[in-house]
Amino acid sequence: MPRLHMHVTDAADAPLRAALRELRCKLEIPYHFPPTAQAEAESAARAPRIPVADGAVATEHTLEDATDLPLFTIDPPGSLDLDQAMFLSRRAGGGFRVHYAIADVASFVTPGGALDAEAHHRVTTLYFPDERVPLHPYALSEGAASLLPDQDRPAVLWQLDLDPQGALTAGSVRRALVRSRAKLDYAGVQRVIDDRTAEEPLALLREIGLLREELEVARGAISLNVPEQEIVEQDGCYTLEYRAPLPAYGWNAQISLLTGMAAAELMLASGTGILRTLPTAPDGSVARLRLTARALGVDWPHHTSYAALIRTLDPGRATHAAFLQECTALLRGAGYTAFDGAPPAASDALHAAVAAPYAHATAPLRRLVDRYTSELCLAASAGEEPADWVRGALPALPREMETGTQRANQVERACVDLVEAALLRDRVGEIFEALVVEIQEKDPTRGTVHLYDPAVIGQVETAPDGPALPLGHRIQVRLAEAEPGRDPVRFTPA
């Protein structure tokens, strides 16, 4: 069963951090960069080389100057690897204009060099509850390539024009020198938008975000509002709680989604690109979800589609949060589709959850493929052929991204299991209120429970000859095992 994203606060103690260090060692996570790759990063941070036509390079001084755009970033507090910055405005004839700057990683990574090779080895930034293992050295990811405020930065600058209903009418992308004016966080953005003190470029985030969400509904797209697990301090100790994302998080995600859709269309029109794809879920999977909804007491009228249903759910309710967890099963099977010379068939180009073609384009500091998407879109927008180093990498990229994504998922699962066990290790034998959210089809005496407090999801098992677990029912369970670094936490019915 897919698990929740988790992050740690200062409440995490030394033993937990030590266990996480041991986990990184066990999983053979590439923590330090090779000296040659580190040296390349530090050199590039001092003097980036901007790719231009025919494989030539330029400097920041030759870039188009777009530093007059008052861009701003929105990220979690404390983030320094800032991939995107935006400026939102109204168009004189009606509608909106979105300027979206993306970190220009290709200006800092030389194709075929040691840093490039290390990025292809790492593929993604890996997130642990206590820290992250970056795709690129900090000199770039949190320094020269990051869109930090009050710093001139080379960027891939999208200009996306929308009609009054929020639909894309025109889009282009170019390289430019940009300067972010403000580093914002989600809670602060939500607060000033709610109390109506936000200036128009920020206030438009809500207006455009809501319009894009309406278009998403009309497409039949799937948008899961799954709560996160957060480690928080409580009475001098620490525990797990669920936290539902703020609306501002969703509005911000709509700008990124808009850009990814524009990138996909641009690459499809040019005949060369790489898409993020997801096949349509089989009917059997949706039917199984209907059974789960019935068991959890989630009202799912027959005339209501799956995509429409999940928009009515409240992640703050235990049964709804549990069902949202189950819904993520329909998002399995996502991959990457590369093409060169002719676009794939429409059915093969679709991302079922987006209900449209889509590409990963907005996080090049943290995800390898986005650097290539930027270069492909820059070439397509300019009516030029992609650089040889970009085209040459396309055949291997889907497999590289699949391997990297599997590693990231393995890290996430291991971290959740470790943190849950660490938080409960001194409570073996205690009884907890829980909701049965899943049972095994072949053995209904085994399944998964979702504790009400703390925010833990664990395995439950009755005696071999015991009764079947009551799917969707609230039961009491006794903690039977919680040993960090071993199996996930395990419960038995009380």
Point-to-point distance, once rounded to the nearest 0.5 Å, from [atom1] of [X] to [atom2] of [Y]:
X      : Y      : atom1 : atom2 : result
Asn252 : Ile208 : CG    : CD1   : 11.5 Å
Leu469 : Glu438 : CG    : CD    : 11.0 Å
Leu211 : Gln254 : CG    : CD    : 10.0 Å
Tyr138 : Ser146 : OH    : OG    : 12.5 Å
Leu376 : Ile274 : CG    : CD1   : 8.5 Å
Ile102 : Leu147 : CD1   : CG    : 7.5 Å

Shortest non-hydrogen contact from [X] to [Y]?
X      : Y      : answer
Ser107 : Ile50  : OG-CD1, 3.3 Å
His136 : Ser141 : O-OG, 3.2 Å
Gly333 : Pro279 : O-CD, 3.4 Å
Leu160 : Ala262 : CD2-CB, 3.9 Å
Pro137 : Leu115 : CD-CD1, 3.5 Å
Ala103 : Pro364 : O-CG, 3.2 Å

Would you say that [X] contacts [Y] through its side chain, given a criterion of any heavy-atom pair below 4.5 Å between the two side chains?
X      : Y      : answer
Leu257 : Glu216 : yes
Val123 : Thr403 : no
Gln406 : Glu402 : yes
Leu258 : Trp158 : no
Leu205 : Ile74  : yes
Leu424 : Pro454 : yes
Arg276 : Thr373 : no
Val460 : Val436 : no

> Between Arg175 and Glu375, is the closest basic N to carboxylate O distance under 4.0 Å?
Replying inline: yes
>> Quick test of your reading: applying ring pair (Phe, Tyr, Trp, His ring centres under 6.0 Å), list the pairs with at least one residue in residues 314-372, sequence neighbours left out, ordered by first then second residue.
In response: His120-Tyr372, Tyr336-His360, His351-Tyr358, Tyr358-His360, Tyr372-Trp389
> Does atom OH of Tyr249 have more than 12 heavy-atom neighbours, drawn from other residues, nucleotides or ligands, at distances under 6.0 Å?
Replying inline: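 Counting neighbours around OH of Tyr249, 12 or fewer heavy atoms of other residues, nucleotides or ligands fall under 6.0 Å, so no.
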>> Please determine whether the number of non-hydrogen atoms from other residues, nucleotides or ligands lying under 6.0 Å from atom CZ of Arg294 exceeds 12.
In response: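 Not buried by this count: 12 neighbours or fewer within 6.0 Å.
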Examine distances only and state if a side-chain atom of [X] and a backbone atom of [Y] form a donor-acceptor pair shorter than 3.5 Å.
X      : Y      : result
Arg391 : Asp340 : no
Arg206 : Trp251 : no
Asp83  : Leu365 : yes
Arg122 : Tyr31  : yes
Thr312 : Leu309 : yes
Arg132 : Thr125 : no
Ser381 : Leu378 : no
Thr405 : Met401 : yes
Glu420 : Ile457 : yes

> Is the Lys NZ or Arg CZ of Arg474 less than 6.0 Å from the centre of Tyr452's six-membered ring, within 45° of the axis?
Replying inline: yes
>> Please evaluate residues Cys415 and Tyr127 with respect to the criterion side-chain contact (heavy atoms from CB on, under 4.5 Å), reporting the C-alpha separation (whole Å), side-chain torsions for both, the decisive distance (0.1 Å), and the verdict.
In response: CA-CA 9 Å; Cys415 285; Tyr127 292 91; over 6 Å; no
> What do the steps show when you test Thr362 against Thr259 for side-chain hydrogen bond (donor to acceptor under 3.5 Å, both in side chains), and what is the final call?
Replying inline: CA-CA 7 Å; Thr362 62; Thr259 308; over 6 Å; no
>> Show, in sequence, the C-alpha distance, side-chain angles and deciding distance for Val489 and Leu423, and conclude whether the side-chain contact (heavy atoms from CB on, under 4.5 Å) test is met.
In response: CA-CA 10 Å; Val489 293; Leu423 295 180; over 6 Å; no
>> Run the side-chain contact (heavy atoms from CB on, under 4.5 Å) test on Arg366 and Leu135 for me, step by step, so that the C-alpha distance in whole Å, both residues' side-chain angles and the decisive distance to 0.1 Å come before the verdict.
In response: CA-CA 6 Å; Arg366 293 169 280 175; Leu135 174 60; 5.7 Å; no
>> Can you pull out every side chain to side chain donor-acceptor pair (under 3.5 Å) where at least one residue sits in residues 72-82? Sequence neighbours excluded, please.
In response: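 Output for this query is empty, none listed.
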>> Over 60° means perpendicular and under 30° means parallel, so tell me whether Phe432 and Phe491 are parallel, tilted or perpendicular.
In response: perpendicular
> Are Leu162 and Val98 close enough, and set up right, to give a side-chain contact (heavy atoms from CB on, under 4.5 Å), and what steps lead you there?
Replying inline: CA-CA 8 Å; Leu162 312 180; Val98 175; 4.1 Å; yes
